[in-house]
J.: 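There's a structure below that I have some questions on.
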Amino acid sequence: MSPCDEYSLKALRYLDDRLHGQELDDFRAHLEACSNCRASLESERFLSQLLHRSRPLYSAPPALRARVAAAVEQRSASIGARENSYERLLRIVGSGFADPVRPVARLRLLAATLAVTALVLAFVPNAVRQVRAANYVETAVTTHRSYLDGHLALGIRSDSAAEVTSWFTGKVPFQFRLPQSTEGGVPIYQLAGASLVSYRGSPAALLIYEKQKERISLLVASSQSAVVAGGEEVRSGALMFHYRTDQGFKVVTWSNHGLSYALVSSVSGSARESCMVCHQSMADRQNFQSDR
Amino acid sequence: MQLRPSNGHTPPTIDLQECLDGLYSYALVLSRNQAEAEDLVQETCLRALRAMEKLRPDSNVKSWLFTILRNIWLNQLRQRKTAPDMVELDTSEYVANRAVDSSRDPYAAYVSDLEGEQVRNAIEQLPFEFREVILLREYEVLSYEEIAEMLRCPVGTVMSRLARARSKLRDLLLATAVGGSGTKDESTGNCQRQSFCR
């Protein structure tokens with residue numbers, strides 16, 4: 001085996017940052033002196049880039065995606081059905097209660113939580129809106145309709161993204177920040193306010209946007225409980241968007257960074273236009289504007 | 001499409017939708033048959049959903065899913081006691097899938113698809129062991145150690161197999177437009193072409 005053969009075997013480890021110390025120094029020194037090995041290394045680097053550009057090797061067919069989504073939905077529903085009320089409450093009030101080795105402490109905490117919950121519900125009946133619905137889309141549409149019909153009062157009325165973001169702190173089991181306009185001009189969709197709704201026993205964030213007489217709602221929940229699936233699937237980068245019409249409303253759902261989103265509107269144009277709610281002040285806004 | 005087991009501890013999150021392209025690609029590399037690949041992926045997901053409550057918090061979910069798929073395939077092979085089907089892939093469905101993505105620049109999309117098609121054609125010509133290690137390492141970015149555990153072989157074997165697979169793949173790509181129109185210098189083993197040896 002020639003020295004070049006030996007270094008050729010090390011080229012992949014070098015590209016993977018797996019050469020260290022003296023071995024790395026020796027490899028670099030050899031590269032300085034050997035044009036063949038430099039060319040070989042570049043060849044390996046080019047092949048890696050070519051393979052990475054062609055990811056994924058194959059795309060799963062939509063029918064397969066739908067079947068797997070249905071299986072996940074079914075599994076998710078069966079897990080929910082198996083949980084009794086006690087377990088469900090434990091889940092709602094936090095993982096700190098789910099310590100299996102401290103049942104007495106857990107019961108005390110549970111009793112205290114029940115008392116606090118009863119007080120909250122007695123004095124602040126609209127603190128959490130419980131919406132009975134089978135799935136995330138249905139919840140989003142039902143909530144949107146309740147708001148349109150005047151049956152759902154907003155917990156906060158404000159057009160300030162910072163105020164609304166701050167209002168949600170500690171109210172939902174996840175952290176998020178509303179996008180703020182970084183450019184001048186009047187936004188097309190105005191933030192109107194927000195509220196809390198309950199989805200499968202866990203608080204979810206409801207955001208309301210307005211444009212003249214149009215109302216758009218955005219329901220945000222943890223992806224652990226809110227499963228996004230079905231509809232017409234459109235991939236954009238790493239995200240998969242699901243478009244559908246439900247009870248006369250346009251619904252777009254997607255998941256990202258552990259959160260599931262459902263955007264409900266009766267916007268007459270393309271469904272993509274409703275994405276302007278969040279993207280109106282972003283650099284990619286032209287991707288969502290109507291061609292009309 | 002995320003699921004989290006409800007067994008008390010803090011387990012890793014399973015996002016099957018995110019893993020689906022990778023699982024389907026691996027299933028196609030193993031079976032070389034679209035219908036069989038779809039069945040393999042679906043069965044993998046069903047078994048994963050049933051078994052996820054047993055998953056340890058520190059488990060590598062991706063590697064776990066790929067191992068399930070491989071075991072199902074090996075069991076099916078044993079049951080059939082036949083060699084793997086060698087049905088050629090029909091790439092039309094792949095093209096159709098990509099066609100619905102209207103957000104990309106048409107020319108860039110065309111070039112990208114052409115290049116991807118040539119890479120896929122070259123990979124399909126590789127022997128089974130080479131196809132598998134290329135998919136697991138270059139596309140799914142599993143570590144050498146994870147691949148070794150999956151394939152039940154030493155890490156050194158994975159590394160040398162990958163090196164040979166890449167060399168063979170490079171030779172196959174030399175014959176296509178992906179790598180340009182150069183030739184390989186047999187005396188040095190290096191390619192004399194723009195793309196691979198710029």
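Residue numbers begin at 1 in each chain, while the letters A, B, ... track the order of the sequences.
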J.: Does the side chain of B:Q125 reach to within under 4.5 Å of the side chain of B:R131, using non-hydrogen atoms?
T.: no
J.: Quick one: closest heavy-atom pair of A:P173 and A:P203, and the distance?
T.: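 So the two residues come closest at CD-O, 3.4 Å.
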J.: Quick one: do the B:Y26 and B:E132 side chains pair a donor with an acceptor below 3.5 Å?
T.: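 Distance-only check passes for B:Y26 and B:E132.
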J.: With a 4.5 Å heavy-atom cut-off (strictly below), which parts of residues 144-162 of chain B touch chain A? List them by number.
T.: B:Y144, B:E145, B:M159, B:L162
J.: Is the closest basic N to carboxylate O distance between B:E138 and A:R55 below 4.0 Å?
T.: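 Here B:E138 does not pair with A:R55 in a salt bridge, since their nearest N and O are not under 4.0 Å apart.
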J.: If you tally heavy-atom pairs under 4.5 Å against chain A, which of B:I134, B:V29, B:L135, B:V41 wins?
T.: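 Result: the option with the highest number of such pairs is B:V41.
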J.: Would you say A:D26 and A:Y7 make side-chain contact, with heavy atoms under 4.5 Å?
T.: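 Counting from C-beta outward, A:D26 and A:Y7 do come under 4.5 Å.
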J.: Side chain, backbone, both or neither: which part of B:L23 has an atom under 4.5 Å from a heavy atom of chain A?
T.: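 No part of it gets close to chain A.
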J.: Under a 4.5 Å cut-off applied to non-hydrogen side-chain atoms, are B:D21 and A:Y58 in contact?
T.: no
J.: Tell me, for A:R38 versus chain B, whether the close heavy atoms (under 4.5 Å) come from the side chain, the backbone, both or neither.
T.: neither
J.: Under the side chain to side chain contact (heavy atoms under 4.5 Å, CB included) rule, what do B:R166 and A:S48 come out as? Steps first, then yes or no, please.
T.: CA-CA 9 Å; B:R166 286 173 61 103; A:S48 292; 3.1 Å; yes
